[in-house]
2 protein chains.
Amino acid sequence: MADVAKLAGVSSQTVSRVANGQPGVVESTREHVLAAMRELGYRPNSAARSLRYGRFNTLGVILFSLASTGNSRTVEAIAVHAATEGYAITLIPVGAPTQDNVLGAFTRMGELAVDGIVVILEVQLLDSSTVHLPPGVHVVVVDSDAGDRYPVVDTDQADGARQAVQHLLDLGHRTVWHVSGPAESFSAERRARAWRTALEQAGRDVPAIERGDWSADSGYHAGLRLADRPECTAIFVANDQMALGVLRALQERGRRVPQDVSVVGFDDIADAASYLPPLTTVHQDFAGIGKRCVESLLRQIHDEPAGPGTDLVPTMLVVRDSTAPPAS
Amino acid sequence: MADVAKLAGVSSQTVSRVANGQPGVVESTREHVLAAMRELGYRPNSAARSLRYGRFNTLGVILFSLASTGNSRTVEAIAVHAATEGYAITLIPVGAPTQDNVLGAFTRMGELAVDGIVVILEVQLLDSSTVHLPPGVHVVVVDSDAGDRYPVVDTDQADGARQAVQHLLDLGHRTVWHVSGPAESFSAERRARAWRTALEQAGRDVPAIERGDWSADSGYHAGLRLADRPECTAIFVANDQMALGVLRALQERGRRVPQDVSVVGFDDIADAASYLPPLTTVHQDFAGIGKRCVESLLRQIHDEPAGPGTDLVPTMLVVRDSTAPPAS
DNA sequence: CCTGAAATTGTTAACGTAAACATCGGATCT
DNA sequence: AGATCCGATGTTTACGTTAACAATTTCAGG
């Protein structure tokens with residue numbers, strides 16, 4: 001900057017004014033400065049800027065993995081929305097979901113150049129009182145029931161699961177079986193609980209849960225077990241990938257979908273419409289989640305304190321070809 | 001920091017030494033300082049650190065979208081590998097692949113707090129000479145043929161496509177049809193070119209290309225067109241998602257896979273093993289790509305200049321159940 | 001041609017940190 | 001005991017930027 005000032009024959013303050021487009025610089029001067037900038041390839045140093053302003057214009061995202069469609073789409077939505085507000089986003093991956101790792105990530109985050117943090121851990125670790133976020137850092141948590149301690153943005157999982165079950169019951173199925181996600185997952189538990197509640201409220205039997213780990217392969221094995229039960233005519237699977245595995249298992253065992261068995265998934269990932277058959281599933285608004293996370297953080301950064309509480313993003317059942325009335 | 005120093009009754013320099021674990025601080029002093037840090041909730045200011053050191057310990061990733069499995073897995077690998085080296089990563093999404101947007105993103109990147117940039121655009125825009133990266137910034141480009149101007153890390157797409165075609169020819173198919181990605185995509189073009197070359201070298205007919213846009217839906221429509229050609233018994237699809245659509249189209253038209261038609265995909269995404277039938281596909285080492293990107297950037301940052309040139313990551317054909325010899 | 005106000009440009013200081021150098025006190029050696 | 005050295009700690013300064021204020025120039029109006 002000093003070099004630019006010298007070359008343009010002005011003070012560094014004037015260079016700063018030109019760099020920030022501030023008024024009060026005469027046109028000819030501005031052009032000299034711009035020319036000098038170009039000639040020297042000047043780029044403002046954002047560290048110095050951040051130091052001066054006390055803000056980084058950056059949001060942090062702390063997560064386990066981008067492997068799941070939901071996470072990566074949420075992160076993308078966060079990035080896009082943050083960009084429109086002039087914020088960049090920084091990714092902090094946590095190796096394995098152990099307490100130590102999570103704690104370490106939070107510590108690193110505290111030292112990081114971010115103005116706020118989105119926590120996407122989808123694991124119940126946050127609930128254990130031993131894990132605490134650094135005080136004085138703006139935070140939003142996604143998919144968690146830490147709503148009593150932090151602002152939370154979450155999909156309305158319960159209502160989505162309820163819609164799925166209701167759809168199957170409305171078609172005439174006696175009851176609905178469930179392939180759930182892993183027990184450590186908050187989302188998996190919420191969906192399973194809502195499934196159970198919906199069945200109980202309708203006065204139906206509640207079959208035993210088949211548990212998977214979100215992967216298509218785990219869905220396949222769960223599906224094999226269900227395929228052998230002739231009384232099983234309707235399955236609510238906790239995500240689309242496992243549903244894909246369930247479809248394969250049913251097909252292998254000669255049970256046709258939807259004629260013999262109806263299947264409903266959860267997420268509405270892009271591929272679900274191309275499964276065999278195209279999957280009826282619960283649509284999640286990942287973009288909406290990302291948007292609300294950014295909005296909440298920006299509100300906090302602009303000094304509108306956001307207390308604990310949960311912001312629920314609605315879900316919607318998308319009916320395709322994997323559900324039908326039971327064979328009578 | 002000054003507050004901590006005052007509370008601990010030492011100079012700020014001593015606080016700095018304790019914060020960085022430098023030697024030459026007597027144990028009792030260190031503990032006083034640590035106690036003061038805890039009491040005041042002290043966190044080092046990374047902007048000041050960056051300003052002092054001239055480095056940010058951050059790498060930027062510039063990309064269009066995280067929606068594709070390949071991109072998100074590459075980004076995750078970059079993040080994980082960067083983290084082990086003490087670097088965070090910053091995501092810069094580019095809205096639409098127009099020249100203006102790309103240019104704008106590069107400009108923003110130049111002003112950003114990053115020590116190096118990974119460019120994942122998978123589009124041929126980079127080749128047009130009008131788009132130039134800011135000089136003096138360390139860069140690695142993924143999936144591009146800008147290898148004459150920048151260091152490039154790329155999957156060995158050509159060899160992967162060759163393996164796929166060879167596998168089908170070895171099974172006894174007369175020739176292989178191709179569902180390609182969009183024409184703007186560098187990867188799509190490379191795979192199509194290698195497919196054509198492999199057929200020509202084997203002296204086989206080269207059928208017309210069916211073009212998709214990477215989505216399962218586009219694969220479905222391409223698949224419908226191919227399903228109506230009885231002479232089509234082997235299809236090489238440029239990615240797994242489109243292959244999913246092709247499978248659905250063939251199934252709808254009553255052509256069995258693999259008995260009537262063999263299908264090979266590209267990517268080996270997690271779900272491919274659960275398709276109906278499980279998909280034979282070309283495995284891409286996304287983690288390896290991410291790792292090499294980080295390694296290249298770190299080398300550059302540590303003053304080992306990396307000239308232009310392409311670093312090819314090998315691919316491997318994974319044979320599952322979607323390929324078989326043609327019905328004789 | 002002078003006065004005063006407005007427009008433009010320059011100067012100083014501060015953001016938080018750490019390298020380089022300076023100082024201090026005690027231990028070791030002669 | 002005095003000289004010397006070494007380890008522990010303090011002081012100064014610079015990193016690049018911009019807010020606040022100061023100084024200078026310009027120009028209208030009398």
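Every chain is numbered from 1 and lettered A, B, ... according to where its sequence line falls, protein lines coming before strand lines.
- Across the helix from C:dC1-D:dG30 to C:dT30-D:dA1, the helix axis at one end is tilted relative to the axis at the other end by 50° (nearest 10 degrees, each axis from five pairs).
- With sequence neighbours excluded, no residue satisfies side chain to side chain donor-acceptor pair (under 3.5 Å) with A:Ser46.
- Partners of A:Arg190 by salt bridge (charged side-chain N to carboxylate O under 4.0 Å, His left out), not counting sequence neighbours, listed by chain and number: A:Asp154.
- Distance from the side chain of A:Ala48 is smallest to D:dG16 among D:dG16, D:dA14, D:dT18.
- Using a 4.0 Å heavy-atom distance criterion, A:Thr29 is classed as a sugar-phosphate-only contact.
- The salt bridge (charged side-chain N to carboxylate O under 4.0 Å, His left out) search around A:Glu295 returns A:Lys291, not counting sequence neighbours.
- Of all nucleotides listed (D:dT18, D:dT9, D:dC15), D:dT18 comes nearest to the side chain of A:Arg52.
- Extent of DNA chain C lying under 4.0 Å from chain A heavy atoms, first and last nucleotide in 5' to 3' order, is C:dT8 to C:dG16.
- The CG atom of A:Asp3 sits 9 Å away from the P atom of D:dG16 (whole-angstrom rounding).
- Within the structure, side chain to side chain donor-acceptor pair (under 3.5 Å) pairs that include any residue of residues 49-65 of chain A comprise A:Asn20-A:Arg49, A:Arg55-A:Asn57, A:Ser65-B:Glu76 (at least two apart or interchain).
- Near DNA chain C, defined here as any heavy-atom distance below 4.0 Å, the residues from residues 10-25 of chain B are B:Gln13, B:Ser16, B:Asn20, B:Gln22, listed numerically.
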Which atom pairs, one a donor and one an acceptor, fall under 3.5 Å between side chains of residues 25-32 of chain B and the rest of the protein, sequence neighbours left out?
none

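- When the side chain to side chain contact (heavy atoms under 4.5 Å, CB included) test is applied to A:Ala36, the partners found at least two apart in sequence or on another chain are A:Val4, A:Leu7, A:Ala8.
- Under the 4.5 Å side-chain criterion, counting only non-hydrogen atoms from C-beta, A:Asp143 is not in contact with A:Ile120.
- Contacts of B:Asp311 classified as side chain to side chain contact (heavy atoms under 4.5 Å, CB included), with partners at least two apart in sequence or in another chain: B:Val153, B:Arg292.
- Look at CG on A:Asn45: it is 13 Å from C1' on D:dT18, rounded to the nearest Å.
- When heavy atoms are screened at a 4.0 angstrom cut-off, B:Met1 is found touching the sugar-phosphate backbone but no base atom.
- Judged purely by atom type and a 3.5 angstrom limit, A:His81 has no side-chain atom pairing as donor or acceptor with the backbone of A:Ala77.
- Remark: A:Asp267 engages A:Gln284 in a side chain to side chain donor-acceptor pair (under 3.5 Å) (not counting sequence neighbours).
- Counting to the nearest Å, the P atom of D:dC15 and the CZ atom of B:Phe56 are 15 Å from each other.
- Considering only residues two or more places apart in sequence or on other chains, B:Ala35 meets the side chain to side chain contact (heavy atoms under 4.5 Å, CB included) condition with B:Arg38.
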